[in-house]
Amino acid sequence: MKISAIRTTPLYCRFKQPYVWAKGTQEGAPVILVEVDTDAGITGIGESVTSPGIEPVLAILQFSIPFFVGQSAYNGNRIISECYQAGFNSRGTGSAPRYFAQAMTGVELALWDAIGKAAKQPLHRLLGGAVRDKVEYFGFLQGETPQELATHARQLLREGFRVLYVKVGRAPDLDVEIVRAVREAAGDARLRLDANESWDMLTARRMFERLKPFDIEFIEQPVPAPGGAEALARLRAVTDIPIAADQANYSPEDVYVVCRARAADVITLGLHETGGVVRFRKAAAVAEAAGLNVCLHGVFETGITTCASNQVAATLGNMDDGNQIMWQLLAEDIVASPPLTPVNGALPISGKPGLGFELDRDAVARAAEAYRKLG
């Protein structure tokens, strides 16, 4: 089965409400739909997330397409490596594995989708089979004020979520107000925080002390990632609140460094950081060898990533029981089926071929038009 063409469609998927976090406010998710056509008449579908924006990531994809066309759809690992060597490693200071990974994830996911459709098997079976029949997710609180976040916490608990997750890092006093309001609303539910690298070391130590009374399950990436494992390890040594490493680890190699330094209690990681399914599973294996769970990380994405992540997570023994999804932030997802709303905080594992979803082509057209209007 050879690749005959790769099509890319920039999309802008608007959020239901403004997304408020430590880095500001965002109104929607810019993504690139990636479709891989084959000479077998099968089309695989994936998506690339875009940071800092669609145009630079699209440029990487356009550069890479000639490497894939005419090649076997089963040779994705080799082709992706050749693309990186030609486009980055061969250019000295242009080495940018994290940047390249987010573009290539869309192609890699589309290849897995095509391979699964050709084999008439879901992705998890191609990876050796599921070790669980569902993956569990946390309730992701949305809102700007402590009161709005507390109200959403009560709603998510009614929907059956056992773990709640809220963004902090906006301002110390506001953070404490947010956590106090959410804890009062959540009762004894499990509560996690994400500071998104917003605290320096001194502020982080102060905030950990102030937040200790609220029974926090972990705080994700409290200090900037450039300090890497060393900064997290220094903080972890002086606090009782567990720490999750996020931006400190994007690759299997990063996870190894974090684990070796004993810098985290949980590894937070997603397909788009690592560059797709293969490297994500490698990173998870490194974490498992160190006795750590992996918590699925979400970025500004659609239900395509949810479907892919859910299947990959099903194959891993060290997946966390409170993972992140982001499609629910969208005013309109581009996945028509299966339904992706967690029931009692969990999604079943799809048995449909490939990544196991059907696109809503009308929603894709609307998202494409929304992107065009941005210009």
Report yes if some heavy atom in the side chain of Leu111 is under 4.5 Å from a heavy atom in the side chain of Ile79; otherwise report no. no
Is there a side-chain contact between Ser72 and Ile3 (heavy atoms, below 4.5 Å)? no
Less than 4.0 Å between a side-chain N and a carboxylate O, is that true for Arg260 and Glu230? no
Going through the distances and angles, do Met201 and Arg234 end up as a side-chain contact (heavy atoms from CB on, under 4.5 Å)? CA-CA 9 Å; Met201 185 63 66; Arg234 286 169 52 206; 3.9 Å; yes
Without hydrogens or angle criteria, can the side chains of Ser51 and Gln102 be said to hold a donor-acceptor pair below 3.5 Å? no
Would you call Arg279 and Glu253 a salt bridge, taking side-chain N to carboxylate O under 4.0 Å as the test? yes
Salt-bridge contact Glu209-Lys212 (side-chain N to carboxylate O under 4.0 Å): yes
Supply the atom-to-atom distance Thr239 OG1 to Ile243 CD1, rounded to the nearest 0.5 angstrom. 6.0 Å
Short N-O contact, Arg78 and Glu82, less than 4.0 angstrom: yes
So, taking the atom named CD in Glu273 and the one named CZ in Phe280, what distance separates them when rounded to the nearest 0.5 Å? 8.5 Å
Should we count CD of Glu358 as having more than 12 external heavy atoms under 6.0 Å? no
Between Asp194 and Lys167, does any NZ, NE, NH1 or NH2 come within less than 4.0 Å of an OD or OE carboxylate oxygen? yes
Using 0.5 Å steps for rounding, measure from the CD atom of Glu217 to the CG atom of Leu164. 10.5 Å
Does a donor on one side chain and an acceptor on the other come within less than 3.5 Å for Asn323 and Tyr165? no
Thr341 versus Gln328, side-chain donor and acceptor atoms under 3.5 Å: no
Side chain proximity check, Asp200 to Val223, heavy atoms < 4.5 angstrom: no
Taking Asp175 first and then Arg210, would you say they form a salt bridge - that is, a charged N and a carboxylate O separated by under 4.0 Å? no
Do Met326 and Val312 share a hydrophobic cluster, counting only Ile, Leu, Val, Met, Phe, Trp and Tyr and linking them when any side-chain heavy atoms are less than 4.5 Å apart? no
Let me know which of Phe63, Phe100, Phe67, Tyr99 forms a ring pair (Phe, Tyr, Trp, His ring centres under 6.0 Å) with Tyr84. Phe100
Here's a test for you: under ring pair (Phe, Tyr, Trp, His ring centres under 6.0 Å), which of Phe300, Trp327, Trp21 qualifies with Phe15? Phe300
From CD (Glu301) to CD1 (Ile334), nearest 0.5 Å: 11.0 Å
Regarding Arg366 and Glu369, does a basic nitrogen lie under 4.0 Å from an acidic carboxylate oxygen? no
How close do Gly317 and Val131 get, heavy atom to heavy atom, and via which atoms? N-CG2, 4.2 Å
When rounded to the nearest 0.5 angstrom, what distance separates CG in Leu269 from OG1 in Thr274? 5.5 Å
State, yes or no, whether a side-chain contact exists between Ile60 and Val57 at a heavy-atom distance under 4.5 Å. no
Nearest 0.5 angstrom please: Leu58 CG to Thr8 OG1, how far? 4.5 Å
Decide side-chain hydrogen bond (donor to acceptor under 3.5 Å, both in side chains) for Thr268 and Gln221; before the verdict, give the C-alpha distance in whole Å, the side-chain angles of both, and the deciding distance to 0.1 Å. CA-CA 9 Å; Thr268 303; Gln221 200 64 47; over 6 Å; no
Acceptor/donor pairs from residues 114-122 side chains to any protein atom, 3.5 angstrom cut, sequence neighbours excluded:
unit_1	atom_1	unit_2	atom_2	d
Lys117	NZ	Thr43	O	2.9
Lys117	NZ	Asp113	OD2	2.9
Gln121	OE1	Arg125	NH1	3.1

Under 30°, 30 to 60°, or over 60°: which ring-plane class applies to Phe140 and Phe138, parallel, tilted or perpendicular? perpendicular
Residues Arg192 and Asp320 bridged, charged N to O under 4.0 Å: yes
Ion pair check, Arg162 and Glu136, cut-off under 4.0 Å: yes
Under-4.0 Å salt bridge between Asp321 and Lys134: no
Heavy-atom check, side chain of Met104 versus side chain of His272, under 4.5 Å: no
